[in-house]
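Shown next, in structure tokens, is the structure this report addresses.
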Amino acid sequence: MRSAYNGGAMGGRAAGTGGGVKSSAPVDKEVDYANYFCTYSFLYHQKDMLSDRVRMDAYFNAVFENKHHFAGKTVLDVGTGSGILAIWSAQAGARKVYAVEATSMADHARALVKANNLEHVVEVIQGSVEDISLPEKVDVIISEWMGYFLLRESMFDSVICARDRWLKPTGVMYPSHARMWFAPIKSNMADRKKSDLDGAMADWDNFSDEIKTYYGVDMSVLTKPFAEEQEKYFIQTGMWNDLNPLQVIGTPTIVKEMDCLTATVSEIEEVKCNVTSVINGQNTRLCGFGGWFDVHFRGRKEDPAQQEIELTTAPSEQHCTHWGQQVFIMADPINVGEGDHLNLGLVMSRSKENHRLMEVELECEIKEASGNPKESFKKTYFIE
Ligand code: SAH
């Protein structure tokens, strides 16, 4: 999933912007509900997710091509939304499905379950998965918890909590593995953003002149802070976009791999990595970076999937998803050539203001194929 507020092209997932929730402090549930959950209580938003064919096909095939994991088994659907994954689990032969949903979407899920004659198998429970209690442990946990660039929304925390409390020691996670990817891109977005920034500054200058002329107050001391604020939000805020695969100009690198059966909250609270990407386009412009994710349904080692399924959100001309790709644009593009090495240091942590949003610190050192250093820079981005 991914929910509603965003500045991006896809009209995406939820996460809210307000918050006041410190990542180390306990989460204020009312604030979290207002900012994050409320969007999920609208059918229009669930419909966005249900209309994503890549997402739907992956989960559908994962369930129906691996019926052995479901037939006669108990299943927990974390964040059932409309109830779709719970219904499929029941149709694949589950004995009992607990479908947990925090929002009042639970009422619609209950109606859908009933209309599909599955109320003897699927029990919809409204509540946070952290708070509810089940009468038994389950064989399978299924959930669609992925946000932009995988971790935005921090919903995997809830899946971890559910897993540690309710999954049998022999249980299986759907999906079972997740990866985050990062790659250098070319794009005209940097130019667009630059002209947005120039426009905003021209507007400020007019505004400042008018205040001086009409009201006798000199605003010029605020010009620099305004420019810095604009730079921060216009240039350095992460955006969503549908990248064309041809915009990717270097080798995509994996910045994080996760086994959903063993991953811990501390492992995802801060994701740190050093990777190298090699430019594979001739004389091109490095304008920024694209981030995306994939998840796999492989079952577990002792109880593998009969048919492994992949859900990827990589740039593709044929298979776009509602997640698109997270785009990190640079204000000043850099000329790069084939074989240039980009040594990348990436630290992604949760925003102090809202634990469901992310900050990404990026350090990039560019070396020519010969090893000569070319350029280096450091930037901080927000994924909001
Ligand atoms: N499973 C559905 C919906 C995915 S969107 C589908 O695949 O179409 C994720 C859903 O999880 C949202 O409806 C959201 O309200 C719910 N959710 C997120 N965190 C939750 C939590 N801690 N407890 C219960 N529900 C949660």
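Counting convention: from 1, in listed order, for ligands and their atoms alike. Everything numeric in this text was worked out from a predicted model, so none of it was measured.
Remark: side-chain polar atoms of R300 are not paired, donor with acceptor, to backbone N or O of A305 under 3.5 angstrom.
At under 3.5 Å, not a single nitrogen or oxygen of S82, backbone or side chain, sits near a nitrogen or oxygen of ligand 1. The shortest N/O to N/O separation between L50 and ligand 1 does not fall below 3.5 Å.
Aromatic ring centres of F149 and F328: separated by under 6.0 Å. For an aromatic pair to be called close, the ring centres must be under 6.0 Å apart, and F293 with Y148 fails this. For H69 and Y174, the distance between ring centers is under 6.0 angstrom.
Proximity annotation for atom 6 (C) of ligand 1: of Q46, R55, M49, Q126, R55 comes nearest, heavy atoms only. Across the listed options A109, A102, S128, A102 owns the non-hydrogen atom lying nearest to atom 25 (N) of ligand 1.
For D218, the side chain to side chain contact (heavy atoms under 4.5 Å, CB included) partners are K212, S220, not counting sequence neighbours. The side chain to side chain contact (heavy atoms under 4.5 Å, CB included) check on F42 picks up Y44, with sequence neighbours excluded.
At least one heavy atom of E130 sits under 4.0 Å from some atom of ligand 1.
Of the heavy atoms in V78, none comes closer than 4.0 Å to ligand 1.
Ion pairing of R350 with D157 is present here, as a side-chain N (NZ or NE/NH1/NH2) and a carboxylate O approach within less than 4.0 Å.
For ligand 1, the atoms lying closer than 4.0 Å to a non-hydrogen atom of S158 are 22 (N). Close approach of ligand 1 to T103 (heavy-atom distance below 4.0 Å) involves ligand atoms 15 (O). Against a heavy-atom cut-off of under 4.0 Å, G127 is close to the following atoms of ligand 1: 23 (N), 24 (C). Those atoms of ligand 1 with a heavy atom of L85 less than 4.0 angstrom away are 1 (N), 7 (O).
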